[in-house]
Amino acid sequence: MSASALARLELNRSLTIGFAITSIMLATALLSFLWTPYDVTKLVVADRTQAPSLAHLFGTDHLGRDILSMVMVGARNSIAVALVAVGIGAGLGVPLGLWAAAKGGWVDEVIARGSDLVFAFPALLSAIMITAILGPGAVNAIIAIGIFNIPVFARVARAGALSIWPREFILAARAAGKGLARISLEHVLPNIFSLILVQLSIQFALAILAEAALSYLGLGAQPPLPSWGRMLFDAQTRMAVAPWMAIFPGTAIALTVLGLNLLGDGLNDALDPRRRRA
Amino acid sequence: MGAFLARRLLVALLTLLLASLVVFAVLEVLPGDPARLMLGMNASPEALAALREQMGLEQPLLTRYLAWTSGLLSFDLGRSYTYSVPVSALVLERLSVSLPLALASLTLSTLIAIPVGIFAASRRGATGDTLSMGLAQVGVAIPNFWFALLLVYLFAVWLRWVPAGGFPGWGAGVWPAMKALILPTLALALPQAAILARVTRAALIDALDQDYIRTARAKGVSRSSVLWRHALRNAMIPVATIMGLQFAFLLAGTVVVENVFYLPGLGRLIFQAITQRDLIVVESVVMLLVASVILINLLVDLSYALIDPRQRVA
């Protein structure tokens with residue numbers, strides 16, 4: 001990353017706000033491993049559906065559990081599922097995209113048609129189908145979300161790599177006798193890294209939303225482990241008596257996604273060469 | 001134009017064929033014995049045998065695949081195991097909820113997004129742009145089912161203007177049915193509008209930065225005329241793409257919002273069929289949805305050619 005890009009990163013408002021929100025959510029998730037105000041597995045029936053107060057800043061749910069503590073542990077769960085799912089998507093998709101661009105011909109055609117095929121399946125519905133066949137749970141949610149991330153990264157990496165291959169330094173590397181794999185790794189990948197970084201933040205945000213939807217439907221992390229989506233499901237029939245049960249987990253999802261989207265926008269502004277010139 | 005059409009059509013047909021193989025493989029081959037998957041471990045041998053007979057599981061794979069696909073082509077989708085009615089009747093009944101909902105949401109989201117996108121692009125960097133795009137950014141981040149819950153709380157629980165959920169059916173009268181779809185339409189349309197407004201703004205700004213716009217301005221064409229007559233048409237390609245994707249999403253992916261409002265739509269039908277392991281419904285309806293996504297993508301591709309004549313030779 002050049003010095004001017006670094007300078008732009010510092011000046012970029014979206015990036016600063018996005019980075020701040022994302023860091024806070026990440027810190028909250030990490031903190032939940034060490035400390036939460038209350039134990040989320042302990043049910044205190046006498047304390048059920050209490051409005052927010054000094055003792056329970058976000059109130060309590062229908063089983064008397066502290067919502068702030070549940071939101072904290074839910075953050076850990078959502079972020080972990082999204083992170084691993086997007087990791088799988090990028091880990092398999094980027095090499096596929098690089099390979100398609102390097103080889104061209106039938107390899108490229110097969111990977112492109114394969115991506116089209118995955119895109120033809122409504123993502124959330126297929127994720128529901130996968131978790132229903134494999135059984136509900138965080139690991140299967142990761143697999144379901146991860147599969148749909150693979151073609152996204154393959155497409156981005158392929159498109160980026162195709163614009164790099166005709167460049168002269170690639171020709172020089174080929175003349176020096178380097179193979180396709182080595183050129184892809186040493187010369188193409190570093191040049192499309194910013195593209196992939198931006199896509200990572202976008203997909204991460206989408207994965208948080210997908211995980212929330214799956215766990216709302218009861219197909220994500222299973223009780224007693226709290227998840228943001230499941231908390232919203234529990235809140236649904238209690239909106240009239242305990243609206244805070246829906247307000248806080250929903251705000252946590254929206255804030256995390258907002259932070260990641262701002263981060264993506266900011267990175268895009270800072271790293272896109274077209275905007276750099278402007 | 002002929003070659004362009006033929007190529008797009010061929011790709012669509014190929015994708016359709018591959019998709020049918022994937023759906024068949026995932027639901028009929030991977031589980032080993034689909035009848036056992038549907039009935040569970042405690043099913044009696046008689047019940048298993050009867051279901052195997054109904055599903056034609058004794059026949060070779062290829063025969064089953066061909067029977068299923070030819071059934072799909074003639075809209076004979078088999079008989080639902082849990083509802084004991086033809087799947088095609090179930091689909092038509094659920095479509096009477098999902099299709100109006102998808103169309104209303106797409107219309108509302110377009111009516112909001114395109115003016116907002118044009119407004120923001122024409123005031124690039126000004127307060128109006130920052131404010132509207134800030135709101136759009138928040139709209140993109142809000143999960144639609146959470147937004148749906150908040151709408152229920154505000155308009156159904158607190159103000160009591162509309163029902164909190166359920167669908168009386170079109171037989172109960174047009175107004176009661178439409179009333180039941182107001183909140184779901186809002187819940188689906190506003191987050192979609194946020195995405196579409198951002199795309200419209202970005203595409204329009206891209207178009208406004210092109211050389212031909214500078215030429216038109218240099219020739220004395222007014223700012224508004226350049227925006228409406230030159231830039232907007234060129235900006236419509238990405239906008240049409242996103243609208244196509246959104247329509248496909250609205251048709252199939254509304255399962256979570258349908259659950260919030262207890263709407264008997266297509267998404268909820270599949271979700272319930274999956275949880276009840278009614279594979280006959282799942283495989284046919286998933287395939288129909290995949291086919292509609294492929295068809296919508298094909299129509300979007302063809303609309304490029306209408307919007308931009310250069311695409312016809314591409």
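Note on naming: letters A, B, ... go to the chains in the order of the sequence lines (proteins, then strands), and numbering restarts at 1 for each one.
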Main-chain N/O of B:Gly267 paired to B:Glu258 side chain as donor or acceptor, under 3.5 Å = yes
Checking heavy atoms, do the side chain of B:Leu14, its backbone, both or neither come under 4.5 Å from chain A?
-> side chain
Would you say the side chains of A:Gln199 and A:Gln203 form a donor-acceptor pair under 3.5 Å?
-> yes
For A:Val198, does its backbone N or O pair with a side-chain atom of A:Asn268 as donor and acceptor, under 3.5 Å?
-> no
Would you name the heavy atoms of A:Thr49 and A:Thr60 that are closest together and state the gap between them?
-> N-OG1, 3.3 Å
Scored by heavy-atom pairs under 4.5 Å with chain B, the best of A:Leu262, A:Val257, A:Leu217 is A:Leu217
Cut-off 4.5 Å, heavy atoms of chain B, and the answer for A:Tyr216 is side chain
At a heavy-atom separation under 4.5 Å, does B:Val22 approach chain A through its side chain, its backbone, both, or neither?
-> side chain
Chain A interface, residue from B:Val282, B:Ile294, B:Ile296, B:Leu18 that has the most non-hydrogen pairs under 4.5 Å | B:Leu18
Are the side chain of A:Gln236 and the backbone N or O of B:Leu149 linked by a donor-acceptor pair below 3.5 Å?
-> no
Side chain from CB out, backbone as N, CA, C, O: work out which of these in A:Ser126 comes under 4.5 Å of a heavy atom of chain B, or both, or neither.
-> neither
A:Arg238 and A:Asp61: CA distance, side-chain angles, deciding distance, salt bridge (Lys or Arg N to Asp or Glu O under 4.0 Å) verdict = CA-CA 9 Å; A:Arg238 298 175 180 90; A:Asp61 76 349; over 6 Å; no
For each of B:Leu289, B:Ile142, B:Asn259, tally heavy-atom pairs with chain A at distances under 4.5 Å, and name the one with the top tally.
-> B:Asn259
Contacting moiety of A:Phe233, where chain B heavy atoms sit under 4.5 Å = neither
Could you check which of A:Ile253, A:Ile130, A:Leu232, A:Leu209 has the highest count of heavy-atom pairs closer than 4.5 Å to chain B?
-> A:Leu232
What part of A:Leu260 is in contact with chain B, defined as an atom under 4.5 angstrom from a non-hydrogen atom: side chain, backbone, both or neither?
-> neither
Run the salt-bridge test on A:Arg13 and A:Asp265 with the 4.0 Å N-O cut-off and return the result as yes or no.
-> no
Under a 4.5 Å heavy-atom cut-off, does chain A meet the side chain of B:Val140, its backbone, both or neither?
-> both
Report the option among A:Ala240, A:Pro243, A:Gly218, A:Pro249 that has the most heavy-atom pairs separated by less than 4.5 Å from atoms of chain B.
-> A:Pro243
Answer key: most heavy-atom pairs under 4.5 Å with chain A among B:Val138, B:Ile270, B:Val157, B:Ile274 is B:Ile274
Can you check whether A:Gln50's main-chain N or O pairs, donor with acceptor, with A:Trp244's side chain at less than 3.5 Å?
-> yes
Interatomic distance, A:Thr251 atom OG1 to B:Leu150 atom CG [nearest 0.5 angstrom] | 8.0 Å
The interface call for A:Ala120 against chain B, heavy-atom contacts under 4.5 Å, is both
What part of B:Thr275 lies closer than 4.5 angstrom to a heavy atom of chain A: side chain, backbone, both or neither?
-> neither
Is it true that a side-chain atom of B:Asn144 and a backbone atom of B:Leu188 form a donor plus acceptor pair closer than 3.5 Å?
-> no
